[in-house]
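To start, the structure itself, in structure tokens.
Chain letters run A, B, ... following the sequence lines, proteins first, then strands; residues in each count from 1.
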Amino acid sequence: MLHKLYTKVLNKKICDYKIISKRCSALFINGLKATDSFVYITPYIDYNERMKEKDLIKAEIEKRKLQFDLLKLENLWSVYEELKTRKLEYDSRKQEVSKELEQFLKSKQEGDNVEKLKIQVHLLKENIRKLKEPLWSAEEAAITEALKLPNKLHNLTPDVDKIIYEHGSKPNNDKDHLKIGKDKNLLHFTKNENYYLKGDAALFELGAKFYFSKILKENNYTQFSNPDFSKSLIIEGCGEDHTNSDSTFILHHNEDNKVNIDSRLHLTGGGSLYSFFAYHAKNVLYAKVLPLTYFSMGRQYIPSPTEEDNLHHVSQSSVVQIFNATRNETELDGMLNNIIDLIKNIYTPLGYHYRLNYVAANKLNAWESLRLLIEMYSSSQKSYMEVGNIALSGDFISKRLMFTYTEEKQSKFPHILSGTILNVPKLLACALEQDGEFFLPQQFAIEN
Amino acid sequence: MINYLKRMRLLKKPNRLRYFSTISLPDIDIDYYCNTKNIIPIERNIKSRKGIGDINRVQELYNLYKVTPISDRKYLSIKENLYEELSKLPNKTHPEVEEYEEVPQVVREINQKIEFGTHKPLEFSEITQHLNLMRTDKLGYTCGNKSYYYLGELAELEEALIKYTISSLLKKNFQLVSVPDILSSNVLRSCGMTINNDRTQIYSLDPVHHGPDLYLSGTAEMSLAGLLTDSVHSKADLPLKLAAVSRCFRAETSNLIDERGTYRVHQFTKVEMFAVTVPENSDEMLEYLRKIQEDLFSPLGCHMKVLDMPPHDLGAPAYRKYDIEAWMPGRNNYGEISSCSNCTDYQSRRLNIKYLDVDILKYVHTLNGTACAIPRMLITLLETHQDPKGKINIPLILQPFMNGKKIITKNNKVPKLKLIKLKK
């Protein structure tokens with residue numbers, strides 16, 4: 001009787017899940033899909049911890065102005081929990097009955113009791129088998145939805161942009177970097193996907209990178225040289241949609257095996273957060289080695305879906321990317337202060353007007369808890385434009401990509417600060433639009 | 001001007017190629033290739049270069065083309081076929097090189113091999129493992145096969161090599177250019193790359209997501225040639241000497257034991273030289289580029305030999321090519337670390353790069369050469385300058401570019417990682 005009832009409920013659930021189980025994730029793979037593709041990482045899901053502060057989540061979703069349906073997630077999760085509990089019940093019941101049966105058989109008893117137990121075991125096995133697929137579907141639905149939950153907000157994240165520092169005063173002219181670049185033969189610009197820097201502009205690119213690299217090394221940063229490709233699971237792990245070709249370049253699949261949408265190669269560049277997480281994903285460190293202060297000098301490739309063509313929107317940039325891993329929030333906040341000082345020490349000697357801006361919650365990416373923009377004034381855009389940034393993501397990505405450390409025999413997740421502290425084409429665009437003639441800052445001379 | 005406009009329209013709408021085919025075809029020297037007098041030397045050249053191309057087929061099509069009136073509706077397709085066959089033909093070969101048969105000629109040797117005595121020199125992968133300077137293991141699932149990270153002072157050495165190379169080239173009046181790494185197929189083809197859809201040497205972006213015609217540059221030579229497409233130079237501005245630092249992407253894989261480790265990788269940084277000359281001066285420019293390479297590499301203290309490559313090693317575009325092979329003591333083998341080629345008018349005819357000689361437009365000659373390809377240069381340096389005690393001596397000339405550092409020691413700043421095992 002009980003069995004019948006369960007089956008009935010189950011069938012209903014299965015029908016419910018058929019519709020929504022057609023979602024894809026490169027990060028969370030279970031059930032039958034797990035036999036098709038190798039599961040490299042199982043993300044750590046902190047749903048239950050986070051839901052203890054449900055009101056806060058709600059308020060933060062509001063602040064971020066996101067269309068996230070928390071109720072839907074809760075419903076999916078409760079179904080998943082329900083099925084999981086049921087499976088556990090079956091499992092333990094089966095164990096009990098099997099044990100009982102075993103004792104009967106040992107004492108060589110036969111008769112109705114034994115037959116009854118045998119049927120019970122059989123029924124329980126049957127139930128567990130039938131539950132398998134619905135549980136997979138429910139689990140997949142719940143976890144892929146939980147992975148979309150945005151990061152917590154940092155207490156410094158404002159509701160509207162907040163300027164925390166300003167150096168110099170903004171240029172006053174009507175210059176346009178594309179025109180100056182062309183007139184002075186510094187820039188050959190076809191479109192966002194295709195441009196060349198020439199003469200002093202090309203020297204500016206190399207010189208700027210070397211200057212940043214030098215100061216970072218002086219401040220105990222360790223240099224990395226990273227690969228340009230990342231796999232889909234790293235893209236999703238870092239909080240971006242790996243199937244969205246506006247967010248990363250997806251490489252053509254030219255292998256013999258079948259294309260799997262969740263296991264593609266993406267051209268991201270060695271100067272990206274992705275390449276640092278591709279390094280650290282699924283690895284464990286000892287607490288004593290933290291904090292890590294790394295940087296890489298390299299390319300960053302980001303598709304440019306905008307109609308606007310200029311150096312602010314190009315899809316290939318030379319950048320300096322930093323990556324810091326700390327033990328906890330307190331250490332991370334300390335790191336943030338250090339970085340802000342470091343940014344001032346790097347940018348101020350260049351003599352350009354710049355400002356530091358904590359961006360509003362509604363402009364953050366889902367994985368960010370705080371973002372600081374380094375901005376310069378663009379005379380052609382008549383507004384402040386980003387030339388660099390740093391972002392706090394706490395343990396959000398570490399949990400998704402299983403980057404862990406052990407402290408007192410416990411497994412914990414490092415808190416991350418990352419950012420592109422120099423984006424050459426963006427900086428160059430603003431440098432070309434300064435008052436006065438464009439010149440190569442002396443700090444950028446290659447001989448240095 | 002009208003031609004130029006038509007060309008622009010073609011570039012924007014490649015699917016219209018057929019309607020304007022007369023303009024898009026490369027201006028290959030028909031007077032030479034279709035003259036029956038030249039069949040024998042051309043045939044011999046194809047054979048000695050082990051190249052593709054069929055001069056008899058060219059002749060057949062040419063004869064057909066000559067007798068077909070323009071009004072004939074087959075005229076265009078015959079002409080297209082003719083040019084397709086023509087563009088498969090390799091460049092001519094330098095007369096001296098024609099005599100080499102199959103073996104490279106050693107032009108000169110640079111530096112002596114370093115004596116290691118009883119110490120057996122280690123391989124790059126072993127050295128970097130001991131000193132914690134590189135990670136290559138278990139990266140397939142996160143960033144693809146054959147990925148590598150240079151860590152700490154090895155990444156610094158990469159930067160030092162770029163700085164050293166660029167500052168040397170600037171002193172020799174090279175113009176630095178920063179190039180795009182994503183290019184369209186016409187530029188790649190014109191540089192002599194063959195592009196097919198599946199087993200290719202070239203990475204491309206997913207055509208469904210990003211449009212049908214975007215490829216990752218294999219070398220800055222392609223991007224620089226792209227910059228010069230459809231350009232006319234005044235004779236006084238030549239030679240043009242360009243240099244670029246770029247990322248290079250190669251899809252080729254190799255299972256050869258000799259190409260293990262980071263010897264052949266899918267992505268790397270390279271400083272490339274590119275020169276444009278009047279035809280009379282390209283031989284001289286090739287010697288100049290070779291001299292620059294020798295001057296750049298000699299002070300690094302590695303043993304090298306400069307090779308004048310035989311016809312079958314030239315590829316389709318080169319007229320003459322010098323390779324430099326460096327001795328890699330740990331591998332106990334020579335490895336190619338650079339090459340420089342004179343492509344004469346092979347690329348300029350395909351990309352329409354001309355100069356004005358008094359009042360006549362003529363095709364320029366293009367040349368290219370490696371100034372520093374990072375992964376193999378690092379292999380050579382570390383294997384040559386390894387110390388039995390397990391540190392690396394930095395060549396004197398690179399020290400100023402590494403903040404005065406004299407040696408590379410064990411990297412303690414990047415902790416070793418430990419892979420987490422999945423719980424079942």
Side-chain angles (χ1 to χ4, degrees), chain A residues 38-40 42 188 193-199 201-203 205-206 210 213-214 217 222-231 233-234 245 249-254 264-265 267 275 277-286 289 292 294 296-299 301 303 315-316 318 402 404 446-447, chain B residues 135 139 141-144 147-156 158-159 162-163 166-167 170 175-184 197-200 203-210 214 216 223 226-227 244-245 247 249 251 266-267 269 374 403 411 413-415 417-420 422-423:
Chain A
F38 179 73
V39 179
Y40 187 66
T42 309
H188 175 92
E193 291 77 20
N194 186 283
Y195 72 98
Y196 294 78
L197 304 180
K198 301 194 280 187
L203 290 174
E205 179 183 59
L206 278 187
F210 294 155
S213 161
K214 180 169 164 268
K217 278 178 278 200
T222 304
Q223 188 162 3
F224 267 59
S225 179
N226 296 348
D228 294 290
F229 297 160
S230 298
K231 297 293 283 281
L233 93 123
I234 299 296
S245 54
F249 284 113
I250 304 170
L251 286 181
H252 177 60
H253 182 87
N254 58 0
R264 301 293 294 263
L265 270 180
L267 175 71
S275 67
F277 262 107
Y279 184 87
H280 288 105
K282 204 189 170 184
N283 276 291
V284 58
L285 295 170
Y286 289 108
V289 304
L292 302 176
Y294 296 158
S296 76
M297 215 172 67
R299 300 276 208 225
Y301 304 96
S315 58
Q316 170 182 317
S318 273
M402 290 306 285
T404 66
I446 304 281
E447 281 75 19
Chain B
R135 177 173 169 208
L139 291 169
Y141 289 105
T142 61
C143 42
S147 294
Y148 59 97
Y149 288 79
Y150 294 146
L151 314 175
E153 284 170 335
L154 192 59
E156 290 178 26
E158 175 182 31
E159 185 187 325
I162 297 168
K163 272 194 218 169
I166 287 298
S167 63
L170 290 174
Q175 299 171 40
L176 187 63
V177 179
S178 164
V179 299
D181 301 331
I182 303 174
L183 296 172
S184 61
N197 290 323
D198 41 329
R199 282 281 142 214
T200 168
Y203 283 108
S204 52
L205 297 183
D206 189 301
V208 179
H209 289 296
H210 302 290
L214 293 171
L216 303 193
S223 332
L227 175 65
V245 187
R247 285 297 272 182
F249 298 93
H266 290 317
Q267 11 175 323
T269 296
I374 295 296
N403 204 19
N411 165 25
K413 289 191 165 179
V414 180
L417 298 170
K418 211 179 130 207
L419 208 64
I420 301 170
L422 267 187
K423 283 178 207 129

If you round to the nearest 0.5 Å, how far is [atom2] of [Y] from [atom1] of [X]?
X: B:L176; Y: A:I446; atom1: CG; atom2: CD1; result: 7.0 Å
X: B:R247; Y: A:Q316; atom1: CZ; atom2: CD; result: 11.5 Å
X: B:I182; Y: A:S315; atom1: CD1; atom2: OG; result: 5.0 Å

*Taking the six-membered ring for Trp, are A:F249 and B:H210 ring centroids under 6.0 Å apart?*
yes
Which answer fits [X], side chain, backbone, both or neither, if we ask what part of it has an atom under 4.5 Å from a heavy atom of chain B?
X: A:Y195; answer: backbone
X: A:L292; answer: side chain
X: A:Q223; answer: both
X: A:L251; answer: both
X: A:V289; answer: side chain
X: A:Y294; answer: side chain
X: A:S230; answer: both

With a 4.5 angstrom heavy-atom cut-off, could you sort out which part of [X] is near chain A: side chain, backbone, both or neither?
X: B:L139; value: side chain
X: B:Y148; value: backbone
X: B:E156; value: both
X: B:R135; value: side chain
X: B:T269; value: neither
X: B:L214; value: neither
X: B:L216; value: side chain

Using a cut-off of under 4.5 Å for heavy-atom pairs, which of [options] has the most such pairs with chain B?
options: A:F210, A:F277, A:F224; answer: A:F210
options: A:S318, A:P303, A:S213, A:S296; answer: A:S213
options: A:E193, A:R299, A:H188; answer: A:R299
options: A:L206, A:L265, A:L233; answer: A:L206

*Hey, which of B:V245, B:N411, B:L170, B:L151 has the most heavy atom pairs under 4.5 Å with chain A?*
B:L151
*Count the heavy-atom pairs under 4.5 Å between each of B:S223, B:S147, B:S167 and chain A, then report the option with the highest count.*
B:S223
Okay, side chain of [X], backbone of [Y]: is any donor-acceptor separation there less than 3.5 Å?
X: A:N283; Y: B:L417; result: no
X: B:S178; Y: A:L197; result: no
X: B:Y149; Y: A:S275; result: yes

_B:E159/A:K217 ion pair, N-O < 4.0 Å_ = yes
Heavy atoms, side chains only, cut-off 4.5 Å: are [X] and [Y] in contact?
X: A:I234; Y: B:Y141; answer: no
X: B:T142; Y: A:Y40; answer: yes
X: B:L205; Y: A:I250; answer: no
X: B:Q267; Y: A:P227; answer: yes
X: B:D181; Y: A:L267; answer: no

*Hey, can you tell me if A:Y301 and B:F249 have their rings parallel, tilted or perpendicular (30° and 60° cut-offs)?*
perpendicular
*Distance-only donor-acceptor check, side chains B:Y150 and A:N226, under 3.5 Å*: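 The answer is no; no qualifying pair exists.
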*Determine the minimum heavy-atom distance between B:P207 and A:H252, stating which atoms define it.*
CD-ND1, 3.4 Å
